[in-house]
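For reference, the structure is listed below as structure tokens.
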There are 4 protein chains.
Amino acid sequence: STHEPLFGKTLLYIANIGQHEDFDAARKKAEKLGAKKVFIEDLRSEFVQEFIWPALQANAVYEDRYLLGTSIARPCIARRQVQIARSEGAQYVSHGATGKGNDQIRFELTCYALYPHVQVIAPWRIPEFYSRFRGRKDLMEYAETHGIPVPVTPRAPWSMDANLMHISYESGILENPKNHAPSDLYQMTTNPEDSPNEPDVLEIDFAKGERHFPQICSIVSELFLLWFLSGKHGVGRIDIVENRFIGMKSRGIYETPGGTILLHAHLDIETFTMDREVRKIKQGLGIKLSELIYNGFWYSPECEFVRHCIDKSQENVEGRVQLSVFKGQVYILGRESPKSLYNEELVSMDVQGDYDPSDASGFIRINAVRLREHNRLQGAAQKKH
Amino acid sequence: STHEPLFGKTLLYIANIGQHEDFDAARKKAEKLGAKKVFIEDLRSEFVQEFIWPALQANAVYEDRYLLGTSIARPCIARRQVQIARSEGAQYVSHGATGKGNDQIRFELTCYALYPHVQVIAPWRIPEFYSRFRGRKDLMEYAETHGIPVPVTPRAPWSMDANLMHISYESGILENPKNHAPSDLYQMTTNPEDSPNEPDVLEIDFAKGERHFPQICSIVSELFLLWFLSGKHGVGRIDIVENRFIGMKSRGIYETPGGTILLHAHLDIETFTMDREVRKIKQGLGIKLSELIYNGFWYSPECEFVRHCIDKSQENVEGRVQLSVFKGQVYILGRESPKSLYNEELVSMDVQGDYDPSDASGFIRINAVRLREHNRLQGAAQKKH
Amino acid sequence: STHEPLFGKTLLYIANIGQHEDFDAARKKAEKLGAKKVFIEDLRSEFVQEFIWPALQANAVYEDRYLLGTSIARPCIARRQVQIARSEGAQYVSHGATGKGNDQIRFELTCYALYPHVQVIAPWRIPEFYSRFRGRKDLMEYAETHGIPVPVTPRAPWSMDANLMHISYESGILENPKNHAPSDLYQMTTNPEDSPNEPDVLEIDFAKGERHFPQICSIVSELFLLWFLSGKHGVGRIDIVENRFIGMKSRGIYETPGGTILLHAHLDIETFTMDREVRKIKQGLGIKLSELIYNGFWYSPECEFVRHCIDKSQENVEGRVQLSVFKGQVYILGRESPKSLYNEELVSMDVQGDYDPSDASGFIRINAVRLREHNRLQGAAQKKH
Amino acid sequence: STHEPLFGKTLLYIANIGQHEDFDAARKKAEKLGAKKVFIEDLRSEFVQEFIWPALQANAVYEDRYLLGTSIARPCIARRQVQIARSEGAQYVSHGATGKGNDQIRFELTCYALYPHVQVIAPWRIPEFYSRFRGRKDLMEYAETHGIPVPVTPRAPWSMDANLMHISYESGILENPKNHAPSDLYQMTTNPEDSPNEPDVLEIDFAKGERHFPQICSIVSELFLLWFLSGKHGVGRIDIVENRFIGMKSRGIYETPGGTILLHAHLDIETFTMDREVRKIKQGLGIKLSELIYNGFWYSPECEFVRHCIDKSQENVEGRVQLSVFKGQVYILGRESPKSLYNEELVSMDVQGDYDPSDASGFIRINAVRLREHNRLQGAAQKKH
């Protein structure tokens, strides 16, 4: 049949970024189909350290809600893909992402950035392909005709994407934004109604910079172990409409159990140890980073620049956060840090500290100069009140 | 005694912004002490419509976490205070805020902006005052000596501030940022461990602009009724360290039950109906607004400008959000809107809609032009990967 | 010949936006070639009022230097094009912009935004076209063969685009960014070496809002009259490298005589009458607007939103600026305004005004709280100095 | 007389930052008055390298016009002042800046940031001082009475501040913003009407990072030599109204000859070598930096952070710019760089390069998806056009 000659030259590549998948079966299927070589790469450690961690440092949240679990996986996957392509002398790479989504962009911009002369084959954007295979049924028939093994379990009426960080659900019956997600959809977290009736209390340590990185890493592993395997407290479920880079709105449902806890904890220790004005500037950079990650620009000069700046901002972000998790919610309970900028004596209502309250009068009066002048000269205040 | 002559010329003013307070007792106490006039003003409706609502439209959250419940109340309170001062011919206004906090600034900037020639008396910044009254005990003794009635209930070992929107707790034993909040601290929400074991499902309607404002308002009232009175699902508790305008970090614990639900709902309907790029610009303006509100600049030309711009952005933000509340958490379930920019057919994985997937190839290739050139000419990619 | 059937159904459209062009000759040529209808539209007034003026209000300058003279003309031209297409029932529009430039995007995004179902024909992106016509010579031969009249004057070795606002030069011998522009390139301004040896002094009045718009407009006309026709003082020449939306850098040389003067004058009166903090926010919006205009998004929800916000910021921007122009330079000499926020008494070194210098001590001390704490707790200062 | 005991304990400190001043006379006067020690410090080199250069890298311009010549000198001066104070064991520092200006803030924030426990004596904010000395005449009489030598030349009816970078003029007859500056005011630049009738052509090299810093530095010196001494082409004069940090508008006239040329040249080479999107982010950081510098926050965590980020952005900013200066104006003529991101073949109108024009169709169509949807669903376009 016609696909075999192609397959004889084809390299198969699957990235293990923590999704539940039978990698052995995948290897066997690829070999059976005649793949020249099969690469099944365990990227979990670099995914955590080089992608999740910088996003966390940035408190990267797209459009105030989405923790970017799929977005940050794409450059990690595609980077290894082009590394393999380069070292094996492959001139083409391919992926199965659709022509309407973000993932095609995230994969391909990474490919072009790291391997500028690569050619990308995206079947779902080739008219001959997508007009022949108009739905799942056509694909199944083709597979059967050509002896390609396919899963026999019925597919959920939506699409999923999972990794160490999160799982996403979209399309199918979820495309109607008014429809509620069915309760059996969630795979990573326990329904909060069924989760334990007692909170668990955690301590999360943040060590600074890369020197202490292994320490963070082990904490990350522990957390993911705890949440990814059990998801027992049901943390991190969201149902949102988001704006894709190609200009359409889509509806997504996400579970990001460990990431949600880490985000809360990092936000807390960061505010505790970072100067207010640095934080404001860094907040803007974090929003920028979240847009860049979402849109697929991880490997771009601007994203490298922003990551560098954010990394710089984290020099003193270290300490310990106590929090409890219960029924889908994360509660910060307290925090401590050797690098805290919090000064208990200075802020105390009961102790004066190194602070003269009468200075505040001048501070307020000078801040009012502009407001009083504006009132006097442009009279907005009088007009309206 | 020495305070009486002053009191004979003094106007007493208390704002009702939804806090639990015995206004009759306050009036009697003021009269007993010889206040010239007593003003107890019900500002609840204008607080909701003119302050909470614009902050909600902006999704105003200070430093990613604080919903500004106290901050937005201050200009509302002080505005009426200077209206009364002006109409009664008073040249001085006074307040009891401390010299280390934000509230002194919020009160006074409002006063100066709306009544530029007013004089402000802030006892806690006057050395004669704060060096005489060094603690609660001194004040109690003074009150006893001068026949000033004081509450007999023992004071909680922290400070509180409540209104329709939220309640805050700070100082005292909370000043140590590592200390956990005692479980009996919370007054507005049920402990999620004790809250109902079944979620409640709500629908929240957003109508556009001011024309439908009463409708919003009644919904707000219903919600606040539901949450303020019962707080039954324990929504909206946070424990944070924040950055005060005067340059110190402080620890605050807040309950914002209704505001938290409304924020989630508004974020959802806004993303559903607002263009992506408008949203980005508006997000930046919302962050700016939250800083202005926190710092006390509600009545400033820049805050008026930003509120105007944000209000403009809301023209099409209308629709209905379904959500459930359970054990301290808010879950969006679905949404619908006559002004939605969501196009189910366009985004569908199963239907092509008015979209040509092959366009995406050009889109990606052009976005890659810059990245490929950067790689080629400045070689960052090769160096590092 | 093959083009005639097409031409019989073709509408010809030329916009007059102030460029030097023989519109009668253009009409005759179109009629000779068999155009079904010819539209030569005088858009000069709407170009000034609806495009130049809002850009000026924003102080819109792309990448700190380019005054966007070509960019703002494109949506003006394309808007009328699709108005005509709609009213005449045309389903296709076409333009002659190249496939590497910004103008194709500016034209087409306007078309799609205002006439979503229009089809665009861009010959320079059609392989059959651009592979047949590989250079000017091929086009000239084709024209001769088919009796299409072409200009006999030799073409300058660069490309030009002119309108009321400016003229641009690019491509050809200018593509080498090191090459100096030849002195005979400039068409709109006198070489400053040959310009008058005495400055001229001008007064420019800005009236607020749209109510006084005709007044502004007449001033604009006078200025353009003065500069476009004579360009006598050589104002507004720049030679820059800029970043195109498609991701490549290009070199452009521009003359924007009137716009440069107006920009200087507007900046001056704006700072004189606008609150500092409003100005900061508006400055950011102006930069955003300049990017949107440059990239072709004039007719986008975000550009409409930003224009609205900027327009709001201009409510009090009125007054008179005195300036001199001399040898390519604009010098502000003085300004006055009924809406000035400048208070001569307040700022005076010799008069105290309504200002207490001792307030500044408190202002500085409070601003230093954060800096002193940072030094004490994170020790950056001691380490480095 | 009463000032002697104080003077016996007083250290005199003058910074040489390039102003014209008789430092020997100053030393003698201080010794005559009984200063305990006199420090006349040559800070010119560190002023250029540590202050002017980072500001230039940022293209730091306050409110679109002011090149911050005075602002960047203040932290340089005050840093050495507190170094001396610390090493000499002085607990107080003093300065003669007025109570309405920016300089008091710039000096003192630097002092507090670097020497947190220092006490600042600012006579012009002490009521006993400023109510005794209400004008120049009172000071002159005091000096005469106490044998303090004073300059005999009549003072100009305005205030001046000069350094290597620029000179500023304000106050006195300049306080009326409508008054034109007298032609004999300018000290650093020739009146363009009298400047040479032929342009000079310059080449400016930018070397990257700190490694090549001496090279930059010598160029800077040459330029300042050329411009500061001769100012022959009259470059860098501006007359502006600006917004002071304390909330009032003031009028300033500035000459910044060398800085203006360097700004033009740096802008040009930066755009030539920096990625478009990095440049956008860096532009925002540069505006932030200019506000921080103007307001006196050079030694703040946020300013250090921003300077670090901007420095990072400059890694590839190197190359040579050719420019001419003539009659007050700077004209860029051409540029070249080994790190240029400009690709002559890619951008050429005559050569296709590694670029497929048909990709642009998809790029435009995808960018239009959002605009077409907006039109269709929210109908703004139809309504208005």
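These figures come from a predicted structure and were not determined experimentally. Convention: sequence-line order gives letters A, B, ...; per-chain numbering from 1.
- In this structure, B:Met274 and B:Leu341 approach most closely via the heavy-atom pair C-CD1, 3.7 Å.
- Taking A:Ser361 as the reference, B:Arg125 meet the side-chain contact (heavy atoms from CB on, under 4.5 Å) condition, with sequence neighbours excluded.
- When each of B:Ile105, B:Val321, B:Ile246, B:Asp268 is scored by its heavy-atom pairs under 4.5 Å with chain A, the top score falls to B:Asp268.
- Of the listed residues (A:Pro199, A:Ser300, A:Gly101), the one with the most heavy-atom contacts under 4.5 Å to chain B is A:Pro199.
- Contacts between A:Asn179 and chain B at a heavy-atom distance below 4.5 Å involve the backbone alone (N, CA, C, O).
- Contact of B:Gln322 with chain A is made through the side chain alone, with heavy-atom distances under 4.5 Å.
- The closest donor-acceptor contact from the side chain of A:Arg376 to the backbone of A:Leu371 lies at 3.5 Å or more, if one exists at all.
- Both the backbone and the side chain of B:Arg335 come within contact range of chain A, with heavy atoms under 4.5 Å apart.
- In summary, A:Arg244 and A:Glu170 engage in a salt bridge, as defined by a charged side-chain N under 4.0 Å from a carboxylate O.
- Between chain A and the residues B:Ile287, B:Val120, B:Asn59, B:Val82, the most heavy-atom pairs under 4.5 angstrom are made by B:Ile287.
- Between B:Phe363 and A:Phe245, the ring center distance clears the sub-6.0 Å criterion.
- Residue contact with chain A, scored on non-hydrogen atoms closer than 4.5 Å, involves the backbone and the side chain of B:Phe272 alike.
- Heavy-atom distances place both the backbone and the side chain of A:Ala360 under 4.5 Å from chain B.
- Between chain B and the options A:Glu291, A:Glu242, A:Arg134, A:Arg65, the largest number of non-hydrogen pairs under 4.5 Å is found for A:Arg65.
- Proximity of B:Pro196 to B:Phe326: side-chain heavy atoms (C-beta onward) are nowhere separated by under 4.5 Å.
- Heavy-atom pairs under 4.5 Å with chain B were tallied for A:Gln283, A:Arg279, A:Glu336; the largest tally goes to A:Arg279.
- Of the atoms belonging to B:Ser337, not a single heavy atom falls under 4.5 Å from chain A.
- Between A:Glu193 and A:Lys327 the shortest heavy-atom distance is O-NZ, 3.6 Å.
- Between the side chain of A:Arg372 and the backbone N or O of B:Pro116, at least one donor-acceptor pair lies under 3.5 Å.
- Of the atoms belonging to B:Ser348, heavy atoms from both backbone and side chain fall under 4.5 Å from chain A.
- Heavy atoms of B:Glu302 lying under 4.5 Å from chain A belong exclusively to its side chain.
- In terms of non-hydrogen atom pairs under 4.5 Å with chain A, the most contact-rich of B:Glu175, B:Gln329, B:His117, B:Met248 is B:Glu175.
- Ion pairing between a basic and an acidic side chain is recognised when a charged N comes within 4.0 Å of a carboxylate O; A:Glu50 and A:Arg79 show such pairing.
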**OP:** Could you check B:Leu323 against B:Val201 for side chain to side chain contact (heavy atoms under 4.5 Å, CB included), going step by step and ending with a plain yes or no?
**Re:** CA-CA 6 Å; B:Leu323 51 83; B:Val201 172; over 6 Å; no
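- Atom NE2 of A:His264 is separated from atom CD1 of A:Ile269 by 15.0 Å, given to the nearest 0.5 angstrom.
- Ion pairing between a basic and an acidic side chain is recognised when a charged N comes within 4.0 Å of a carboxylate O; B:Arg370 and B:Glu373 show no such pairing.
- Contact record, A:Thr271 with B:Glu63: CG2-OE1, 3.8 Å, taken as the closest heavy-atom pair.
- When the shell of 6.0 Å around NZ of A:Lys280 is examined, it contains more than 12 heavy atoms from other residues, nucleotides or ligands.
- Comparing B:Glu108, B:Arg237, B:Arg251, B:Glu277 by how many heavy-atom pairs each has under 4.5 Å with chain A, the most go to B:Arg251.
- When each of A:Leu333, A:Val61, A:Asp359 is scored by its heavy-atom pairs under 4.5 Å with chain B, the top score falls to A:Leu333.
- Heavy atoms of A:Glu345 lying under 4.5 Å from chain B belong exclusively to its backbone.
- Between chain A and the options B:Ile126, B:Val241, B:Asn197, heavy-atom pairs under 4.5 Å are most frequent for B:Val241.
- Interface remark: B:Asp239 contributes backbone and side-chain atoms alike to the contact with chain A (heavy atom separation under 4.5 Å).
- Looking at B:Tyr355, only its side chain comes within 4.5 Å of chain A, counting heavy atoms on both sides.
- Residues satisfying the side-chain contact (heavy atoms from CB on, under 4.5 Å) criterion with B:Gln119, sequence neighbours excluded, are B:Tyr92.
- Chosen from A:Ile240, A:Asn176, A:Ile238, the residue pairing most often with chain B at heavy-atom distances under 4.5 Å is A:Asn176.
- Contact of A:Phe297 with chain B is made through the side chain alone, with heavy-atom distances under 4.5 Å.
- Each of A:Pro177, A:Ser358, A:Gly334, A:Ala368 has some count of heavy-atom pairs under 4.5 Å with chain B, and the biggest count is that of A:Pro177.
- Using a 4.5 Å cut-off between heavy atoms, A:Phe129 makes no contact with chain B at all.
- Contacts with chain A were tallied for B:Thr98, B:Leu267, B:Asp275; B:Leu267 has the most, counting heavy-atom pairs under 4.5 Å.
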